[in-house]
Amino acid sequence: MSAASSLPLNASHWGAFRAEVEGGRLRRILPFEHDPRPSGMTGVWPEMLDHPLRVAQPVARKGWLSGDKGAARGEDSYVALGWDEALDLAAAEIGRIRATHGNGALFGGSYGWSSAGRIHHARTLVRRFFGAIGGHVDQETNYSYGAAMAFVPRIVGRDMIGASLTSAASIREHCDIFLAFGGLPLKNWEIQAGGVGEHRYDSFMAGVTGRVRAVNISPCREDIEEKFGIEWLPVRPNTDAALLMALAQVVVAEGKADRAFLTSHVNDAQPYLDYLAGKTDGTPKTPEWAETITGIPAATIRDLGRALPGKRVMVSLNWSLQRARHGEQPYWAAIALACVLGQVGLPGGGFAFGYGSSNAMGNPEYRTPLYGLPGIPNATGLSIPCARVADMLLNPGAEYRYDGETRVYPEVKLVYWAGGNPFHHHQDLNRLREAFRRPETVIVNEGYWTATARHADIVFPATVTLERDDIGGASRDRYLLAMQKLVAPHEYARDDYDIFAALARRLGDAEAFTEGRSSDDWLDWAWSRISTNLAARGVNVPTYEDFRAQGYLAMPEPQESYVMLSDFRADPVAHPLSTPSGRIELFSAQAAAEPGQPGHPVWLDPEEWLGRATDAAPLHLLTPQPKRKLHGQMDFSAYSRAGKVQDRELLQINPADAAARGIAEGDALRVFNARGACFAIARIDPGLMAGVVVLPTGATYDPDGLTDRSSNPNVLTRDIGTSELGQGCAAQSCLVEVARHDGPLPPLRVTAPPPIQAKED
Ligand SMILES: Nc1nc2c(c(=O)[nH]1)N[C@H]1C(S)=C(S)[C@@H](COP(=O)(O)OP(=O)(O)OC[C@H]3O[C@@H](n4cnc5c(=O)[nH]c(N)nc54)[C@H](O)[C@@H]3O)O[C@H]1N2
Ligand SMILES: Nc1nc2c(c(=O)[nH]1)N[C@H]1C(S)=C(S)[C@@H](COP(=O)(O)OP(=O)(O)OC[C@H]3O[C@@H](n4cnc5c(=O)[nH]c(N)nc54)[C@H](O)[C@@H]3O)O[C@H]1N2
Ligand SMILES: [Mo]
């Protein structure tokens, strides 16, 4: 055993690591010895553990203490409190609202990427806490692929993202053409929910280069690194559905559609085929039609369409494509193209969502056993699609359509957030700010002074993973990870588990939340389940102590390469899908019930896209995941800041668009539209389509009126659901203008905690 591998292990969503601790302080991070390509983010921990932006003690907002009803939220100073006093205040407030308005007035908002460990997983704890005290308004789906999560199961009967994708081995061996919509960006493979043992980007890319013809279909060339020599087909943002339709139209019109597959495995392909042929609306969905929408020459589309029949084709779409208005449609159109080509369920072929979105997509199913605290049913039965949070707060009692139902927004009086950052992740942050002024009370558990903590009335200082024992891992990763407490909690920070247990005790519901267990007891509980699960699979299970001493446990290597939907392909009668027809629905009665939806895949105008560019907002803004951080986390680490200039994020802009605005490389920029404005630094990129600008997410919102002093693109994005079908986040449909900013950049306020007064006794 080398010296490094005898050091204690811990893990984050960006990777497992070993830690050198000296005198109770974290000295150094070493990458996990089995990780072939560790993320640069792993090194942030020594700096982030005792960062000046850590929340040090419980605090309450001054205005809230004097009954301002939320007016100064986001602008106020705080008063430091002792733990008992803060817990008493919070519990009394939760109890008061529960007694006055019922549990349906309590919103347990905790969407977000908290700890990789399962026992201290904040979202599970929020839900369990509210379950224990009688229920709350919950959130469903996610920001990552919310539209697909709600809609795709209606079409193919399963969550095709949570389930395994056709394995990388199957692609390597069988695929001829890999259509990579949104590319395969290396940066996204740094991350995997639950903790990464192995970053396997290199081996995945080895499989889609070489023999396979891969095409990067994206506005942005660098969505696949140039060194891979992969073809680049620039497409206007939000128009992939039109391209997919034209490719299908070419195949059908040339008599190459797999009619047998469309008959045996598809429910009613005819309305879609009629739509492609122009029989329903007089417009055949030809390459010439798609050229006007996508910006891709018709001849290029026709050549690509002609190349597909007879080949093993994988139609791969990133999650970003559905994070747009009518984002359900490109996914449905991709499923339809795979059906027209008869590729679904064949080795190395078919459709897939997310190969370019997260580490380990295409890994075999390791079935790594992971157990978080069990859920307690939510007695109110209330929940909203998570991306509709501002709508809910602004429009209590209003009706909305979602997933084939009419629902009503509840009237929320108290918001509790732990393990997420809506002032990072939500769209139109100035609108969210308005919405966050509505509830009577906002409580947040956070490790850092994020923009969300700054909009709370009570902030509880939460520990971070390095301050707790836990077990992490991901079902598609080879390693179960023993996450070990390395240092004592920062200042007065406590575990979310202990915070919720203390609140439940004050509310008279302690037993329901804890079942008499401490978090260490729950770890033992989890380990015994893990051991039983693994023993049943014939794995030689170590003792808990040995597992912790080693730091990890490798799962047995699955034997076969996996092919998504192969059972259904082989026998659709014996293995029907759980759709109304048991087959792939290219016609869906549920979709047809919504206004403007014909019931088959359809090109719908996303309202804010290059086809509707205006003089005031002529550029399409894309806001992808950041390279040097996980969302808003670590924004103030030296690692993240090394990717910025003057503490602002870089905005990619095409040379022609820059020249037209007198913008040179490195210039400070103002990015704006009618919703808001923020600042960025110009990075001129000929590998970006003209008319498109790219500003990644993650900068800490630092509002000054409607302007963010920093670079958070969510002051610009539109807060609207993808459609009634999925009500997902539609951040990628956004028009803006960019101008050179010649004056000095405004100083940032969010680099230090808000003013906190010592308590007056
Ligand atoms: N414009 C635009 N917006 C987007 C996207 C986009 O593409 N474009 N992408 C969306 C997507 S896919 C996502 S997933 C969201 C991500 O949005 P979030 O998940 O909300 O973003 P994070 O910054 O990861 O927030 C997690 C927070 O949890 C805190 N935390 C970590 N561990 C703990 C813990 O143990 N306890 C507690 N109490 N807190 C903890 C961290 O400090 C951090 O502030 O953003 C969405 N927003
Ligand atoms: N480093 C890092 N990696 C991450 C994360 C992070 O915060 N940091 N977050 C993780 C999370 S939570 C998630 S959900 C995934 C998200 O995974 P994705 O949603 O796939 O990631 P994005 O970066 O939003 O988008 C990927 C690329 O899609 C392209 N694109 C955007 N819109 C369009 C379009 O309309 N058409 C086409 N053809 N291409 C388009 C953009 O050029 C962008 O670079 O990433 C994960 N990986
Ligand atoms: Mo995500």
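As the structure lists them, so they are numbered: ligands from 1, and atoms in each ligand from 1. Values below: every heavy atom of this structure, side chains too, minus hydrogens, waters and symmetry copies.
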Do [X] and [Y] sit within salt-bridge range, that is, some charged N less than 4.0 Å from a carboxylate O?
X	Y	answer
K485	D520	no
R388	D719	yes
R641	E47	no
R431	D391	yes

Worksheet item: Any N/O of N714 closer than 3.5 Å to an N/O of ligand 1?
Response: yes

Per-atom contacts, ligand 1 versus [X] - under 4.0 Å to a heavy atom:
X	value
T450	44 (O)
Q427	1 (N), 2 (C), 3 (N), 4 (C)
E446	27 (C), 28 (O), 29 (C), 41 (C), 42 (O), 43 (C), 44 (O)
Y448	42 (O)
D496	34 (C), 35 (O), 36 (N), 37 (C), 38 (N)

Worksheet item: Taking the non-hydrogen atoms of G419, is any one of them nearer than 4.0 angstrom to ligand 1?
Response: yes

Worksheet item: Are T465 and ligand 1 in contact, using a heavy-atom cut-off of under 4.0 Å?
Response: no

Discussion item. Is the terminal nitrogen or CZ of R54 (NZ for Lys, CZ for Arg) located under 6.0 angstrom from the six-membered ring centre of Y448 and within 45° of that ring's axis?
Written reply: yes

Discussion item. I'd like to know whether Y331 forms a ring pair (Phe, Tyr, Trp, His ring centres under 6.0 Å) with F151, so could you lay out the CA-CA distance, the side-chain angles of the two residues, the decisive distance to 0.1 Å, and finally the verdict.
Written reply: CA-CA 9 Å; Y331 273 36; F151 183 63; 9.6 Å; no

Worksheet item: So which pairs with a foot in residues 447-457 pass salt bridge (charged side-chain N to carboxylate O under 4.0 Å, His left out), sequence neighbours left out?
Response: R61-D457, R73-D457

Worksheet item: Got a sec, which residues hit side chain to side chain contact (heavy atoms under 4.5 Å, CB included) with S733, two or more places apart in sequence or on another chain?
Response: N238, A324, R325, P606

What side-chain donor-acceptor pairs closer than 3.5 Å can you find for residues 184-197, not counting sequence neighbours?
from, atom 1, to, atom 2, distance (Å)
K187, NZ, Q625, O, 3.1
N188, ND2, G356, O, 3.1
W189, NE1, Y355, O, 2.8
E190, OE1, S39, OG, 2.6
Q192, OE1, N359, ND2, 2.8

Practice prompt. Give the C-alpha distance, both sets of side-chain angles, the deciding distance and a yes or no for ring pair (Phe, Tyr, Trp, His ring centres under 6.0 Å) between F513 and Y497.
Written response: CA-CA 9 Å; F513 178 74; Y497 182 82; 5.3 Å; yes

Worksheet item: So which protein residues pack against ligand 2 under 4.0 Å, heavy atoms counted?
Response: M41, W113, S144, G182, K187, N188, I191, I217, S218, P219, C220, D223, V235, P237, N238, D240, N318, W319, S320, L321, R323, S357, L622, P624, Q625, P626, K627, K629, L630, H631

Worksheet, complete the sentence: Note: H121, heavy atoms under 4.0 Å from ligand 1, region reported as neither

